[in-house]
2 protein chains.
Amino acid sequence: MATIKDVAARAGVSLGTASRVLSGSSQTSPESRSRVLAAAAELGYIANGPARSLRRSRTDVLGLLVSDIRNPFFSELAHAAEQEARHHGYTVLLANANEDAEQADAYLRTFAAQRIDGLLFSPQGTVSSHLAATLTSGLPLVFLNRTIEGVDAPLYGTDNAEGVGHALAWLRQRGHRDVAFIGGPDTISTGAERRAAYLAGREKHGISTDDRLLDAGDFLASGAAEAMCRVIDRGVRFTAVFGANGLTTFGAVRALRERLGAEQASRIEVVSFDDLDWFEFASPPISAVRNDASSIGRLGVRGLVDLLAGRAAPGQRIATSFVDRARGGIR
Amino acid sequence: MATIKDVAARAGVSLGTASRVLSGSSQTSPESRSRVLAAAAELGYIANGPARSLRRSRTDVLGLLVSDIRNPFFSELAHAAEQEARHHGYTVLLANANEDAEQADAYLRTFAAQRIDGLLFSPQGTVSSHLAATLTSGLPLVFLNRTIEGVDAPLYGTDNAEGVGHALAWLRQRGHRDVAFIGGPDTISTGAERRAAYLAGREKHGISTDDRLLDAGDFLASGAAEAMCRVIDRGVRFTAVFGANGLTTFGAVRALRERLGAEQASRIEVVSFDDLDWFEFASPPISAVRNDASSIGRLGVRGLVDLLAGRAAPGQRIATSFVDRARGGIR
DNA sequence: CTGTTAGCGCATTCAT
DNA sequence: ATGAATGCGCTAACAG
């Protein structure tokens with residue numbers, strides 16, 4: 001593979017001049033400039049990233065650590081973050097913690113070894129020692145959607161209270177009083193916030209405060225299904241279910257159908273925090289709080305880029321919208 | 001950040017000894033070994049990846065270029081590849097071409113700059129000049145699920161002919177004669193193969209050979225919906241639809257419901273290449289060829305690792321299974 | 001088994 | 001504006 005030395009030789013200039021042309025830093029004569037560029041093109045020269053990083057002590061790489069790349073919310077977020085980062089001249093190194101603190105730790109180590117310039121992080125909630133070390137090492141950091149209490153870094157994430165508000169208003173409008181709420185782990189900030197907002201708002205919206213209607217899973221389908229089953233097993237009547245994230249809703253719906261049968265299950269209305277493709281096809285169709293993963297990814301990257309440039313990054317709550325798919329009018 | 005020099009100084013040994021201990025290459029006395037390890041731990045030493053890569057002229061990074069990370073097939077594949085790579089001591093740099101040849105090109109450049117050790121590639125079909133350059137540069141390469149004709153690299157991918165066979169058998173068993181086939185781009189190998197297998201097998205399975213029932217999209221929901229609409233507009237009767245990949249099926253179902261209404265649409269049975277979470281909830285439930293993304297990702301990485309180690313990698317077709325969700329018996 | 005040394009490819013400083 | 005020289009942090013070759 002051609003090095004900058006080869007390019008310089010071919011262009012008949014010194015290594016320094018070639019470097020200056022190719023990194024576009026300092027002034028160079030149009031003459032040597034064109035010769036270097038031509039030589040580089042002819043040789044198919046592509047700068048050696050590791051060497052460049054070593055010398056400049058920056059990599060132009062951002063780390064993005066998400067909890068579960070198979071969750072559509074995060075894959076959309078990752079995609080948007082990647083696009084935005086490209087736009088600013090950064091490459092994104094994507095890592096998937098698989099909702100597991102140990103793997104998160106391992107990737108944080110990898111990131112540190114790669115000497116990433118900044119970190120976009122959507123944490124699980126548990127703070128390990130490595131994580132603490134990373135967070136205090138001065139690496140520019142931005143939280144995406146989820147945060148860790150006590151850590152001073154800007155958060156770019158959904159406005160959970162507002163989103164839950166939409167769902168509550170919809171539930172009231174649809175005339176539901178007995179609503180099962182399937183939440184997420186309290187250790188994850190979004191889980192805690194959504195639950196808190198629901199608890200705080202349900203009475204005001206005429207929804208039963210019977211806590212037997214409350215349960216929580218792990219923000220994955222399996223845990224949510226189990227939580228749904230527990231609620232069913234308590235024998236309390238409910239006419240609607242509220243799933244606290246997309247996978248939770250999926251798991252809850254699956255449990256409803258398995259335990260009650262499709263017929264019975266179709267008499268229960270479902271509303272979800274996070275909108276999924278197929279909700280329009282469910283019967284009855286599932287209404288949902290739209291959680292704008294793209295904006296979160298994009299704004300998060302912008303925040304981190306600001307941090308990297310020495311500017312302030314205040315963090316931001318991204319507004320949700322609501323997709324009402326209920327058939328007919330008030331029930 | 002602590003360097004190996006700091007570690008050596010703290011341990012009271014030379015730089016060389018510290019390096020030997022930390023990279024575990026050569027023999028070292030237990031004495032100095034423990035002192036170096038202790039010093040490294042105390043300083044929180046993490047080796048500088050770029051420096052190490054520069055010196056060793058390898059990065060222990062594999063590039064994974066997928067067509068669309070928001071496609072569940074690829075996010076599962078990426079996840080599996082990542083896990084397997086970790087297991088072999090490699091980090092995966094994931095890039096998303098967004099089904100766009102230009103972006104694919106840009107990422108190939110980035111990969112080259114980062115000096116990745118090997119490439120896992122799921123191509124769009126179009127071969128640009130950069131791509132050609134990459135492919136002939138001698139970079140160890142493995143195709144995942146999709147291939148490019150004429151390029152000599154092992155393919156780890158679905159057995160498309162077998163998968164289509166499952167679907168055909170099911171269609172016949174369900175008594176369908178008039179089947180709409182919504183394919184993918186012929187430029188993508190999976191699109192071409194699945195279409196070819198369908199055309200070759202339909203007659204044998206008692207399925208109409210009326211080509212007005214055939215159309216193709218772009219393997220994305222939007223293009224598939226348009227293709228479905230075109231078939232509907234031709235006014236030929238059909239009792240079943242076969243979608244050539246997951247997103248295609250999604251788009252087709254959406255088009256059916258929009259154009260025919262939920263009532264009419266529910267009289268048409270749908271079968272899909274690729275299984276999606278929600279197919280069990282559709283009405284009628286959608287049966288599907290299960291395309292084992294995890295195995296493909298895992299085996300692909302193993303193949304690339306073999307290549308990197310100088311071993312042979314023959315490539316492999318991964319068998320599919322079929323999920324029959326049809327209600328009741330023969331129609 | 002260990003210390004010393006060279007050099008990976010590049011950006012940058014110091015002269016000119 | 002340019003050439004020569006330096007060193008980023010590390011591994012590997014060499015000498016002992």
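Residue pairs meeting the salt bridge (Lys or Arg N to Asp or Glu O under 4.0 Å) criterion with at least one member in residues 146-158 of chain B, sequence neighbours excluded, are B:E99-B:R146. Pairs of residues two or more places apart, or lying in two chains, never qualify as salt bridge (Lys or Arg N to Asp or Glu O under 4.0 Å) while including a residue from residues 86-96 of chain B.
With sequence neighbours excluded, no residue forms a side-chain hydrogen bond (donor to acceptor under 3.5 Å, both in side chains) with B:N48. Legend: residues meeting side chain to side chain contact (heavy atoms under 4.5 Å, CB included) with A:N71, ordered by chain and number and at least two apart, are A:D68, A:F73, A:F74, A:N245, A:L247. The side-chain hydrogen bond (donor to acceptor under 3.5 Å, both in side chains) search around B:E76 returns B:S294, not counting sequence neighbours. Every side chain to side chain contact (heavy atoms under 4.5 Å, CB included) that B:A40 has, sequence neighbours left out, goes to B:V7, B:L22, B:Y45. Take B:T17 and apply the side-chain hydrogen bond (donor to acceptor under 3.5 Å, both in side chains) test, not counting sequence neighbours, and it matches B:S14. Under the rule for a salt bridge (Lys or Arg N to Asp or Glu O under 4.0 Å), A:D100 has no partner lying at least two apart in sequence or in another chain. Residues forming a salt bridge (Lys or Arg N to Asp or Glu O under 4.0 Å) with A:R10 (at least two apart in sequence, or on another chain): A:E42.
Side-chain N/O atoms of A:T17 include none lying less than 4.0 angstrom from OP1 or OP2 on D:dA1.
Residue A:S32 is in sugar-phosphate contact alone, with no base atom involved, counting any heavy-atom pair closer than 4.0 Å across all strands shown.
For the residue pair B:H87 / B:Q83, no side-chain donor-acceptor distance below 3.5 Å is found, with atom types taken as modelled.
Bracketed by its first and final contacts, the part of DNA chain C lying under 4.0 Å from non-hydrogen atoms of chain B reaches from C:dC1 to C:dG9 in 5' to 3' order.
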Give the B/S/- string for nucleotides 8-16 of chain D, one per nucleotide from 5' to 3', where a protein heavy atom under 4.0 Å of the base yields B, of only the sugar-phosphate yields S, and otherwise -.
BBBBBB---
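If one axis is set at each end of the helix from C:dC1-D:dG16 to C:dT16-D:dA1 from five pairs, those axes are 40° apart, to 10°.
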